[in-house]
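From a predicted model like this one, the values you see are computed outputs, not experimental measurements. In what follows, every heavy atom counts, from backbone to side chain, and hydrogens, waters and symmetry copies are set aside.
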Amino acid sequence: METGKDIRKFKIATILLSFVVIGLIVALVLTSVKVRTIVVEKDKVGEESIELKSELDSLMRQHELIKKENLVISGKLSEKDSIILANANEINVLIAKNTDYKKIKKKLDLLRNMTQGYLNQIDSLITVNHGLTTENTKYKTDITKYKETTTTLETEKKDLTEKVNSAAKLKAYSVIAKAVRLKSKGTKEEVVEKASKTERIKVTFTLSENAVAAAGNKTIYCRIARPDGKILILGEDDANSFVSGGNRLQFSVQKVIKYENTSQSITLNWDIKNAKEEAIKGRYYVILYVDGYQIGDSSFDLK
């Protein structure tokens with residue numbers, strides 16, 4: 001038979017076992033709650049990672065799009081772009097390591113400010129470039145107008161210079177060339193038409209009045225061409241030549257006069273005996289020069 005003592009032990013054991021069971025149940029409940037909490041937190045971390053990754057990717061897509069749309073200008077901000085990419089890579093690493101959400105979020109906000117600053121700089125450069133382009137266009141227009149004005153002025157100056165130079169040129173009027181024979185020991189002259197009687201070729205003319213021409217000593221050159229085209233000259237050296245139109249020409253007679261802007265009567269003589277040649281039949285041509293340009297001409301015939 002069970003004694004009172006045994007019944008008491010049984011009751012105590014039952015109570016103890018109940019406490020153990022209750023403790024196990026409580027532990028099981030707490031463990032279940034903790035597991036669910038961990039699962040929830042893990043899911044939350046996963047969702048946060050996806051959210052952060054999505055936000056970062058969206059931010060970088062916008063950044064790359066801005067770069068492509070402004071290739072020339074974005075090239076000037078390569079250092080700024082490198083900093084942005086470095087920060088994006090750092091955030092990717094933090095997301096992969098499931099770093100604290102707030103820390104990553106803070107870095108994302110900082111990166112967003114960087115990209116906005118990058119965009120603001122691009123806008124500023126676009127504005128500056130637009131201003132420079134407008135200014136450059138205006139500058140080119142001004143240069144074109146200046147060149148056109150300069151060209152016009154140069155043309156007008158050239159025309160004026162040509163007019164002045166033309167107006168300053170002297171002319172020979174009433175140019176008469178004839179053959180003469182000397183009489184009374186050379187004190188008198190007789191006009192002849194025969195080559196056999198010709199002893200001198202006499203050229204007379206009036207040098208024009210010109211208030212624009214430079215006054216002073218001037219050398220008049222006369223070239224006399226025989227019927228066969230030969231120029232009557234005393235020598236073929238430079239002392240018997242002058243320059244006209246860039247060419248060096250031999251002269252028959254020269255004479256230095258003092259020009260004072262008034263008309264003058266000029267006489268030039270070519271003595272046949274000086275050239276030790278006889279006159280020939282045919283037409284002779286006479287051309288007059290001063291200051292390197294032609295001022296008059298004439299001709300005569302010998303029988």
Side-chain angles (χ1 to χ4, degrees), residues 162 164-210 212-303:
E162 290 177 353
V164 170
N165 290 339
S166 177
K169 286 185 177 181
L170 302 177
K171 294 182 181 180
Y173 296 104
S174 303
V175 182
I176 298 175
K178 55 190 175 182
V180 298
R181 182 173 66 175
L182 301 177
K183 299 175 66 176
S184 302
K185 297 182 180 182
T187 58
K188 294 183 179 181
E189 296 175 343
E190 178 188 2
V191 179
V192 297
E193 295 181 353
K194 291 185 177 181
S196 59
K197 293 182 179 181
T198 300
E199 294 180 347
R200 173 179 290 174
I201 296 175
K202 189 178 188 69
V203 180
T204 59
F205 62 93
T206 299
L207 189 62
S208 65
E209 174 185 356
N210 193 319
V212 181
N217 290 339
K218 293 187 179 295
T219 302
I220 298 172
Y221 297 98
C222 176
R223 279 167 58 89
I224 303 173
R226 297 195 321 181
D228 58 4
K230 181 180 178 180
I231 303 298
L232 300 178
I233 59 175
L234 292 177
E236 296 182 355
D237 56 356
D238 288 347
N240 290 282
S241 68
F242 67 101
V243 176
S244 175
N247 299 314
R248 183 163 291 279
L249 305 175
Q250 302 301 125
F251 63 81
S252 305
V253 185
Q254 69 169 337
K255 185 173 185 178
V256 179
I257 65 165
K258 185 176 182 180
Y259 185 72
E260 297 179 338
N261 302 103
T262 58
S263 61
Q264 288 181 246
S265 296
I266 308 292
T267 298
L268 301 173
N269 292 321
W270 168 265
D271 291 330
I272 299 296
K273 63 180 180 179
N274 290 339
K276 298 179 182 179
E277 294 179 354
E278 294 183 356
I280 62 175
K281 296 178 181 180
R283 174 161 292 185
Y284 282 73
Y285 293 91
V286 176
I287 304 176
L288 300 170
Y289 296 85
V290 71
D291 293 335
Y293 58 88
Q294 184 177 331
I295 61 172
D297 61 80
S298 184
S299 64
F300 65 95
D301 295 312
L302 290 180
K303 300 178 182 178

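Here the closest non-hydrogen pair linking Q250 and S241 is OE1-CB, 3.4 Å. Shown here for Y259 and A213, the closest heavy-atom pair between the two residues is CE2-CB, 4.2 Å. Contact detail for S298 and A177: the closest heavy-atom pair is OG-N, 3.7 Å.
With contacts defined as side-chain heavy-atom distances shorter than 4.5 Å, the pair I224/V286 qualifies. For the pair D238 and R248, the minimum side-chain heavy-atom distance is below 4.5 Å. Using a 4.5 Å heavy-atom threshold, the side chains of S244 and Y293 count as separate. Using a 4.5 Å cut-off on side-chain heavy atoms (C-beta onward), D297 and V175 make no contact. Two residues are said to be in side-chain contact when any heavy atoms from C-beta on lie closer than 4.5 Å; F205 and I176 fail this criterion. For the pair N261/E209, no side-chain contact is recorded, criterion being any heavy-atom separation below 4.5 Å from C-beta on. With a 4.5 Å cut-off on side-chain heavy atoms, V290 and L288 do not count as touching.
Separating the CD1 atom in I201 from the NZ atom in K178 is a distance of 13.0 Å, to the nearest 0.5 Å. Distance check: R181 CZ to K194 NZ gives 10.0 Å after rounding to the nearest 0.5 Å. Between the CG atom in D271 and the CG atom in L234 there is a gap of 9.5 Å [rounded to 0.5 Å]. Atom CG of L249 and atom CD1 of I231 lie 8.5 Å apart (nearest 0.5 Å). For the atom pair CD1 of I266 and SG of C222, the computed distance is 12.0 Å after rounding to the nearest 0.5 Å. The CD1 atom of I272 sits 10.0 Å away from the CG atom of L182 when rounded to the nearest 0.5 Å.
No donor-acceptor contact under 3.5 angstrom links the side chains of S252 and R223, judged on distance only.
For residues 218-243, the ring-ring contact (aromatic ring centres under 6.0 Å, His included) pairs, not counting sequence neighbours, are Y221-F242, Y221-F251, F242-Y289.
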Check against side chain to side chain contact (heavy atoms under 4.5 Å, CB included), N269 and T267: CA-CA 7 Å; N269 292 321; T267 298; 3.9 Å; yes
Verdict with supporting geometry, Y173 and L207, side chain to side chain contact (heavy atoms under 4.5 Å, CB included): CA-CA 6 Å; Y173 296 104; L207 189 62; over 6 Å; no
Side chain to side chain contact (heavy atoms under 4.5 Å, CB included) between I220 and I257, worked out: CA-CA 8 Å; I220 298 172; I257 65 165; 3.8 Å; yes
Test log, rule side chain to side chain contact (heavy atoms under 4.5 Å, CB included), inputs L170 and K218: CA-CA 11 Å; L170 302 177; K218 293 187 179 295; 3.7 Å; yes
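For N210 (side chain) and K169 (main-chain N/O), a donor-acceptor pair under 3.5 Å exists by modelled atom type. With S208 contributing its side chain and K171 its backbone, the two residues share a donor-acceptor pair below 3.5 Å.
Here K303 pairs with E193 in a salt bridge; the nearest charged N to carboxylate O distance falls below 4.0 Å. Under 4.0 Å is where a charged nitrogen must lie from a carboxylate oxygen, and between D228 and R226 at least one such pair does. The pair E189-K202 counts as a salt bridge, with a side-chain nitrogen and a carboxylate oxygen less than 4.0 angstrom apart.
At most 12 non-hydrogen atoms from other residues, nucleotides or ligands lie less than 6.0 angstrom from NZ of K183.
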